[in-house]
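Only one structure is covered here, and it is reproduced in the block below.
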Amino acid sequence: MKILYYISDCMIPFVILYLVCYGMIKKVDIFDEFIDGAKDGFLTVYKIMPTLIGLMIGVGVLRESGAMEAFARLLAPVVRALHFPGELLPLFIVKMFSSSAATSLLLDVYKNYGTDSYLGTLASVLMSCSETIFYTMSVYFMTAKVTRTRYTLAGALVATFAGAAAGIVLVGAGMG
């Protein structure tokens, strides 16, 4: 196991060294390319900042107003029929919009139910097997100027729900 820790500690320096050596072999001005990339990254952040702020405010308002919990109570009979714990529904919904807001909900689950409980374990798995769908679509599609998303949202939702279903089965099997 110690060898894996050693390898993981060495990965980032190795990748940096590899890129520098590769650039030297190809006779590329590495520093200028780095500066150009950093400039492009900064401009991208500048362009998407209003979208990020809007998403964060929207998720904060939903969470603090109690609308998320009311929505979870409304869907409670449906999720119970699907063997999905209603306590994790707000986490599951918020994760589609904001990973940081979902992380704060995850910490609430840990505090209330424990990290090694069924709900704590399932919450961890749900956080790992889902994506911030709406955040990702809005930020990346806006940056790339994509206007026709075709089946992106439907595919992302299917994948998220499939991941949740697999998580319920796997955690249930592991805990039972």
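We use all heavy atoms of the structure for the numbers below, so side chains are in, but hydrogens, waters and symmetry mates are not. Numbering of residues begins at 1 and proceeds along the displayed sequence.
Two different hydrophobic clusters hold I25 and V20 under the rule that ILVMFWY side chains link at heavy-atom gaps under 4.5 Å. Under a hydrophobic clustering in which Ile, Leu, Val, Met, Phe, Trp and Tyr are joined whenever their side-chain heavy atoms come within less than 4.5 Å, directly or via other members, L82 and Y118 fall into different clusters. One hydrophobic cluster holds both F71 and F161 under the rule that ILVMFWY side chains link at heavy-atom gaps under 4.5 Å. Residue I12 is not grouped with residue Y6 when hydrophobic side chains (ILVMFWY) are merged at heavy-atom distances under 4.5 angstrom, including chains of intermediate members. Each of F141 and L43 belongs to its own hydrophobic cluster when Ile, Leu, Val, Met, Phe, Trp and Tyr are linked at side-chain heavy-atom distances under 4.5 angstrom.
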**Report entry** Residues L153, M137; criterion side-chain contact (heavy atoms from CB on, under 4.5 Å); working and verdict
**Finding:** CA-CA 8 Å; L153 180 58; M137 284 182 63; 4.0 Å; yes

Query raised in the report: Between I3 and I7, does a side-chain contact (heavy atoms from CB on, under 4.5 Å) hold up when you go through it step by step?
Result: CA-CA 6 Å; I3 188 75; I7 290 171; 4.0 Å; yes

Report task. Apply side-chain contact (heavy atoms from CB on, under 4.5 Å) to I133 and T160, showing your working. Result -> CA-CA 9 Å; I133 299 168; T160 298; 3.2 Å; yes

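Rounded to the nearest 0.5 Å, atoms CG (L157) and OG1 (T152) are 10.5 Å apart. Rounding to the nearest 0.5 Å gives a distance of 9.0 Å between OG of S8 and CE of M11. The structure places CZ of F42 at 12.0 Å from NZ of K39, a figure rounded to the nearest 0.5 Å. Note that CG of L122 and CG of L126 are 4.5 Å apart. Values are rounded to the nearest 0.5 Å.
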Using atom types as modelled, flag every donor-acceptor pair under 3.5 Å from a side chain in residues 88-100 to any protein atom, sequence neighbours excluded.
| residue | atom | partner | partner atom | Å |
| --- | --- | --- | --- | --- |
| K95 | NZ | S130 | O | 3.2 |
| S98 | OG | S100 | OG | 3.3 |
| S98 | OG | A101 | N | 3.2 |

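Here the shortest heavy-atom pairing between C129 and A164 reads SG-N, 4.0 Å. The minimum heavy-atom distance linking L106 with M127 is given by the pair CD2-CG, 4.0 Å. Scanning both residues, D32 and D29, for their nearest heavy atoms gives OD2-OD2, 2.6 Å.
Paired with L19 under the rule side-chain contact (heavy atoms from CB on, under 4.5 Å), one option of I16, L17, V15 passes, and it is V15.
Pairs of residues two or more places apart, or lying in two chains, that qualify as salt bridge (charged side-chain N to carboxylate O under 4.0 Å, His left out) and include a residue from residues 108-120 are R63-D108.
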